[in-house]
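For the numbers below, each heavy atom of this structure counts, side chains included, while hydrogens, waters and symmetry mates do not.
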Amino acid sequence: MSGRAYLCRVTDPIFAALEADATHDSASLFVDLAAGDLAGTATGDGPVSTARSPAELAHRFDEPLPRDGSPLARVTERIARDVLSDMNRLAHPMAMGHQVSAPLPAAIWADMVVSAMNQSLAVSEMSPSLTAVETRLVRWMCDLAGFASGAGGTLTSGGTEATLSALLAARARAMPEAWASGVRAANAVVVHGEHAHYAVSRAIGQLGLGTRNAIAVPSRDHRMDVAALDRVLGEQTALGARVIAVVATAGSTATGSFDDLDAIGHVCEPRGVWLHIDGAHGASALLSARHRHRLRGLERADSVAWDPHKMMLMPLAAGMLLVRDERALERAFSQEAPYLFHGGDLERASDQGTRSFMCSRRADALKLWVALQRYGADGIGTLYDHLCDVTRALHDAVRESVDFVALHEPECNILCFRWVGDRTRDDEALDAINRQLRERYNESGRGWITTTVLGGRRVLRVTVMNPRTTAAHAAAVLDGLRLVAAEL
């Protein structure tokens, strides 16, 4: 390249823009957006979500690809006007929809540092200090789970990746030839509860076992029926099937219910069956002195999926997989990559890429580490208790009402209930009304909830994921739904 061409390159306005945007003043434009939204939603002012249709929102961004840049102030002004104005405002105390948290402020700011440093946690030489942070985090969580010194794990993008990795490790133990030779006619099955997250059947399909070999165990009171599990395992053995794993659930998606992990462990251990616990939502109960009893028997598991971006209130994404024997996870990803995994034994032992699906791994460990440093494990446990207490208050309000009925006792921060009005309508009519209630209520901006199907009937579902939400806000959900019911 000639000197003249090089000079033209470095004097192009894009290079000046890079330097200008790297300043504190530029960063503050984005900090002000985030902090302003947090402050505004915490007061409960304004709508929780948007009533605009997908078509309306798509039209707003129907524009040609920008060829020339704009001043950063103009860009952030547009974020405020066109993006933030129609987002789901999760920090609003009336936001009680899906299992996505209103994240802890210190973790939000740490997330900006993660992006700025842009370390990849594939091998320790690419992220020396953050590899040590993740290793320590995994050890802390293994200690909480009751796993001994040989345990380990890795951070993941969420429970779906964690469950897939766990079942891959289970397959490697039961079928060590599968990684190189495939599964072919393996006659292998995975047994799970009927209310298991769809990630379980998805993983079974991805592993080549075939979703027809996902065997569902019926539930009793929204929990896996342990006697039925024992019977199913006996039947599969009689049929000559190879049971790769049993998947139990700690904090189910629909109702937040916890399987009897101790009893399930007693059934699996004599058979030598890998026990995976999907604790994506409920494993955070380990931080609560009042709720950790729901996880009794967790230490019997071979693997546990845990999502700190749920009940530990981390920004997305922050998932985790723990395994009782870390070598089992390493064997599941038995590959050589001399251009990457080339350190000594000690260095390779800390490389997270050897036990993870991802190679380009974001340093999400830092925001979790920052949250624990700032608020403490006990402090986050207190927040867990609060979310459960608010949900219990909502349950009590539903139980005392004449126009709603609760479908279950809440075990954590999830409650399903149903509007029944004066109880003169049949189930089909109530299904339609409950669906419309949720849609109209969310469109009103008064709050935001979800819906699901239990026992074949459409029900309303609340998930309390925001520490700013109180019992008074929970009661206001019922009042808002009553207003919509009257309008209907």
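Panel note: side chain H309, backbone L316; no donor-acceptor pair is recorded below 3.5 Å. Of the possible polar contacts, none joining the K367 side chain to the I108 backbone as a donor-acceptor pair under 3.5 Å is found. Counting only distance, with no hydrogens or angles, the side chain of R242 and the backbone of V189 share no donor-acceptor pair below 3.5 Å. Under a 3.5 Å cut-off, the side chain of D426 and the backbone N or O of A429 do form a donor-acceptor pair. Remark: the backbone N or O of A216 is not paired with any side-chain donor or acceptor of E194 at under 3.5 angstrom. S101 places a side-chain N or O within 3.5 Å of a backbone atom of M314 that can act as its donor or acceptor partner. T50 contributes no side-chain N or O that, together with a main-chain N or O of D86, makes up a donor-acceptor pair within less than 3.5 Å. Side chain of T41 to backbone of L38: a donor-acceptor contact under 3.5 angstrom is found.
Between R300 and H266, the side chains place a donor N or O and an acceptor N or O closer than 3.5 Å (distance only, hydrogens not considered). Under the 3.5 Å distance criterion, with hydrogens and angles disregarded, a donor-acceptor pair is assigned to the side chains of S115 and R362.
A salt bridge links D143 to R139: at least one charged side-chain nitrogen sits closer than 4.0 Å to a carboxylate oxygen. One finds a salt bridge joining D225 and R220 here, because a Lys/Arg side-chain nitrogen approaches an Asp/Glu carboxylate oxygen to under 4.0 Å. Salt bridge absent: D259 and R223 never bring a charged side-chain N and a carboxylate O closer than 4.0 Å. Here R324 does not pair with E299 in a salt bridge; the nearest charged N to carboxylate O distance is not below 4.0 Å. Under 4.0 Å is where a charged nitrogen must lie from a carboxylate oxygen, and between D389 and R290 at least one such pair does.
Proximity of the aromatic rings of W448 and H92 is defined here by a centroid distance below 6.0 angstrom, and this criterion is not met.
Closest approach of S165 and L329 over heavy atoms only: O-CD1, 4.2 Å. Contact record, R374 with A106: CG-CB, 4.0 Å, taken as the closest heavy-atom pair. For the pair A162 and M320, the tightest heavy-atom approach, listed with the atom from each and the gap, is CB-O, 3.7 Å. Among all heavy-atom pairs drawn from F258 and L295, the shortest one is CE2-CD2, 3.9 Å.
For the pairing with R461, the side-chain contact (heavy atoms from CB on, under 4.5 Å) check across L454, I449, T450, T451 returns one residue only, T450. L287 pairs in a side-chain contact (heavy atoms from CB on, under 4.5 Å) with only one of the listed residues (L383, T382, L144), which is L144.
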